2 protein chains.
Amino acid sequence: MKLEKITQLPNTRSKRHYEDACAAAHALDLVGERWALLVIRELMMGPKRFSDLRESLPGISANVLTQRLEGLEAAGVLVRRKLPPPASTQVYELTEWGYESEPIFQALGRWAARSPRHDPTLPFSTASFLLSLRTMLDSKRAEGLEARVGFRLGEETFLAQLAGGRIEISRSALQGADLILTGTPPVLAGAIYGGQPLEALEKAGALQIEGDRALARHFIGLFPLPPKASIPA
Amino acid sequence: MKLEKITQLPNTRSKRHYEDACAAAHALDLVGERWALLVIRELMMGPKRFSDLRESLPGISANVLTQRLEGLEAAGVLVRRKLPPPASTQVYELTEWGYESEPIFQALGRWAARSPRHDPTLPFSTASFLLSLRTMLDSKRAEGLEARVGFRLGEETFLAQLAGGRIEISRSALQGADLILTGTPPVLAGAIYGGQPLEALEKAGALQIEGDRALARHFIGLFPLPPKASIPA
DNA sequence: CTGTATCCGTGTTGATACTG
DNA sequence: CAGTATCAACACGGATACAG
């Protein structure tokens with residue numbers, strides 16, 4: 001008669017959370033669940049649909065994505081919005097406060113780039129590639145440069161504007177770009193972070209360069225990786 | 001004879017990890033499990049023993065703490081060290097790279113301090129209080145100030161040195177301090193972040209002030225909180 | 001006294017199949 | 001396309017027992 005266990009009180013304290021006044025701990029209550037931060041990362045360059053999110057998050061399952069979207073909406077990190085007709089499709093978009101979480105990704109990324117176990121050959125999403133540029137730009141090296149670099153990544157195009165040692169990147173058309181790079185995020189990352197020569201990638205057909213080729217060579221040198229941490233025996 | 005179950009293959013792919021080249025995702029593979037970041041936070045002000053960690057992490061269970069310590073050691077974030085006799089007790093200490101994770105906490109903390117749901121009345125550990133000072137110091141306001149502020153928090157003492165708009169905090173004896181504050185982390189946080197008047201806390205016996213009282217009033221004004229985010233309906 | 005290992009009830013996660 | 005339903009595997013947290 002194990003069916004008698006209807007007496008389960010299902011929600012004493014429905015969610016698991018740290019009982020801790022520390023703001024960082026609170027942040028983990030909000031976005032510390034598995035996949036939550038990666039969902040936010042994927043929305044960092046602008047709104048996306050449910051299935052766009054699924055595609056760019058290798059391995060997330062539909063039900064978990066649903067739960068995370070619900071949780072993040074309840075937390076005030078994102079909103080679901082219906083695009084006006086004729087598109088009429090639903091998208092998820094970060095709130096202003098949601099967009100302000102970018103420094104979290106930068107801190108995580110800068111730190112983990114030094115990890116001895118970091119494997120840069122895994123799948124690389126468009127959003128993380130573009131965020132990595134914002135994170136890794138060496139403002140000293142970019143100081144004197146003023147330029148517009150366009151990216152064609154799959155269906156989408158993005159424009160990076162360099163000025164005053166800073167970089168701004170947004171979804172945008174590419175007119176007025178001094179240079180346009182076309183390829184997949186892993187290939188572009190190979191050129192920028194992996195030191196792979198542009199010519200070789202071009203010959204292999206993995207990369208196309210239109211416009212100022214000298215700028216291309218300069219540009220890919222603006223994003224130095226930190227040295228690996230040496231771990232004790 | 002349940003002992004026959006040795007046939008369990010325990011590690012097909014022993015750990016759950018994101019298959020993602022993004023460095024931030026890799027960071028989450030290393031320190032994204034529940035409790036991992038809070039363990040690191042507690043070690044941020046110096047080495048601790050197993051039971052110190054348990055005490056300062058309300059709600060963690062012994063087996064989970066063991067697992068996290070193993071995982072973080074394997075990742076190269078911390079090491080276990082045996083103190084020389086006669087103390088001969090084992091402590092956990094962050095590696096240099098482990099200490100470099102502090103910007104992660106600052107980014108998380110700054111962001112979540114704006115959360116509409118942040119509840120600052122929960123338990124507050126010594127480590128998170130001291131880290132919050134490093135995080136929230138307004139360097140403009142601290143610009144001209146040169147001072148040493150001591151803290152007596154339970155058994156331990158810490159010295160905060162202000163100079164050139166920056167703050168350094170370390171476990172240390174308190175000689176040479178211009179001001180010494182004694183109390184619990186929640187009380188001190190109430191004064192610094194909650195705007196509770198020093199005199200009231202002192203009269204209530206929750207706080208003791210030794211030394212330069214004008215400095216105390218100045219000091220608690222150096223750590224402004226950001227405004228709450230307004231979340232959409 | 002300081003950690004570690006094991007058992008166990010429960011909640012969370014993830015893969016597949018399925019529905020509006 | 002945008003999710004729900006189901007179910008198995010795992011992770012968490014509590015208790016307890018064990019080892020130096």
Side-chain angles (χ1 to χ4, degrees), chain A residues 2 4-20 28-29 31-39 47-73 78 80-83 85-93, chain B residues 2-3 5-6 8-20 28-29 31-39 42 47-73 78 80-83 85-93:
Chain A
K2 283 79 184 281
E4 291 303 322
K5 64 172 191 173
I6 316 164
T7 339
Q8 30 156 294
L9 31 158
N11 281 351
T12 44
R13 261 180 305 143
S14 82
K15 250 193 175 174
R16 206 146 50 178
H17 55 292
Y18 304 109
E19 294 280 336
D20 196 315
L28 296 173
D29 280 335
V31 299
E33 287 172 305
R34 194 163 159 73
W35 293 110
L37 277 169
L38 297 196
V39 169
K48 285 194 177 186
R49 290 171 306 175
F50 190 90
S51 16
D52 297 330
L53 288 168
R54 271 196 88 172
E55 259 177 67
S56 50
L57 292 172
I60 197 173
S61 59
N63 49 6
V64 172
L65 180 52
T66 302
Q67 286 170 214
R68 290 300 164 275
L69 290 169
E70 281 168 358
L72 293 172
E73 184 174 22
L78 58 79
R80 61 177 72 194
R81 238 186 44 201
K82 199 149 197 107
L83 291 184
S88 278
T89 154
Q90 188 169 240
V91 295
Y92 297 87
E93 180 171 29
Chain B
K2 283 78 184 282
L3 299 176
K5 65 173 192 175
I6 316 164
Q8 29 158 288
L9 32 159
N11 284 351
T12 45
R13 258 183 306 140
S14 79
K15 252 191 173 172
R16 204 142 56 175
H17 55 292
Y18 305 110
E19 294 281 336
D20 195 315
L28 295 173
D29 279 337
V31 299
E33 287 173 305
R34 193 163 160 74
W35 293 109
L37 277 170
L38 297 196
V39 169
E42 287 306 312
K48 284 193 179 188
R49 290 170 304 176
F50 190 89
S51 16
D52 297 331
L53 289 168
R54 271 196 89 172
E55 259 177 67
S56 50
L57 293 171
I60 198 173
S61 59
N63 49 7
V64 172
L65 180 52
T66 301
Q67 284 170 216
R68 290 303 163 273
L69 290 170
E70 280 168 0
L72 294 172
E73 184 174 21
L78 58 80
R80 60 178 71 195
R81 239 186 44 203
K82 200 150 197 105
L83 292 184
S88 277
T89 155
Q90 189 168 235
V91 294
Y92 298 87
E93 180 170 28

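In the text below, chain A, chain B and the rest are named by the order of the sequence lines, each starting its count at 1. Computed from a predicted model, the values in this text were never measured in an experiment.
Contact annotation for Ser51(A): backbone-only contact, meaning every heavy-atom pair under 4.0 Å involves sugar-phosphate atoms and none involves a base.
Regarding contacts with the backbone of dC12(D), a side-chain N or O of Arg68(B) is found under 4.0 angstrom from either OP1 or OP2. Between Trp35(B) and dA11(D), a side-chain N or O to OP1/OP2 separation shorter than 4.0 Å is absent. Side-chain N/O atoms of Arg80(A) include one lying less than 4.0 angstrom from OP1 or OP2 on dG3(D). A sub-4.0 Å separation between OP1 or OP2 of dA2(D) and a side-chain N or O of Thr89(A) is present.
For the pair Asp20(B) (side chain) and Pro58(A) (backbone), a donor-acceptor distance under 3.5 Å is absent. Of the possible donor and acceptor atoms, none in the side chain of Arg34(A) sits under 3.5 Å from a partner among the backbone N and O of Gly32(B). Tyr18(B) places no side-chain N or O within 3.5 Å of a backbone atom of Leu57(A) that could act as its donor or acceptor partner.
A side-chain hydrogen bond (donor to acceptor under 3.5 Å, both in side chains) with Glu93(A) holds for exactly one of Arg80(A), Lys48(A), Arg81(A); it is Arg81(A).
At whole-Å resolution of the value, CZ in Phe50(B) and P in dT2(C) are 11 Å apart. Between the CD atom of Gln90(A) and the C1' atom of dC1(D) there is a distance of 11 Å, given to the nearest Å. Summarising the geometry, the separation between CD on Glu33(A) and C1' on dC10(D) is reported as 16 Å, rounded to the nearest angstrom. Separating the CG atom of Leu69(A) from the C1' atom of dT4(D) is a distance of 14 Å, rounded to the nearest angstrom. Atoms CD (Glu70(A)) and C1' (dT4(D)) sit 11 Å apart, rounded to a whole Å. Protein atom CZ of Arg34(B) is 9 Å distant from nucleotide atom C1' of dG13(D), rounded to whole Å.
Side-chain N/O atoms of Asn63(B) and base N/O atoms of dG14(D) include a donor-acceptor pair closer than 3.5 Å.
Annotation: proximity of residues 52-62 of chain A to DNA chain D (heavy atom, distance under 4.0 Å) is found for Ala62(A), numbered in ascending order.
Phe50(B) pairs by the ring pair (Phe, Tyr, Trp, His ring centres under 6.0 Å) definition with nothing, not counting sequence neighbours.
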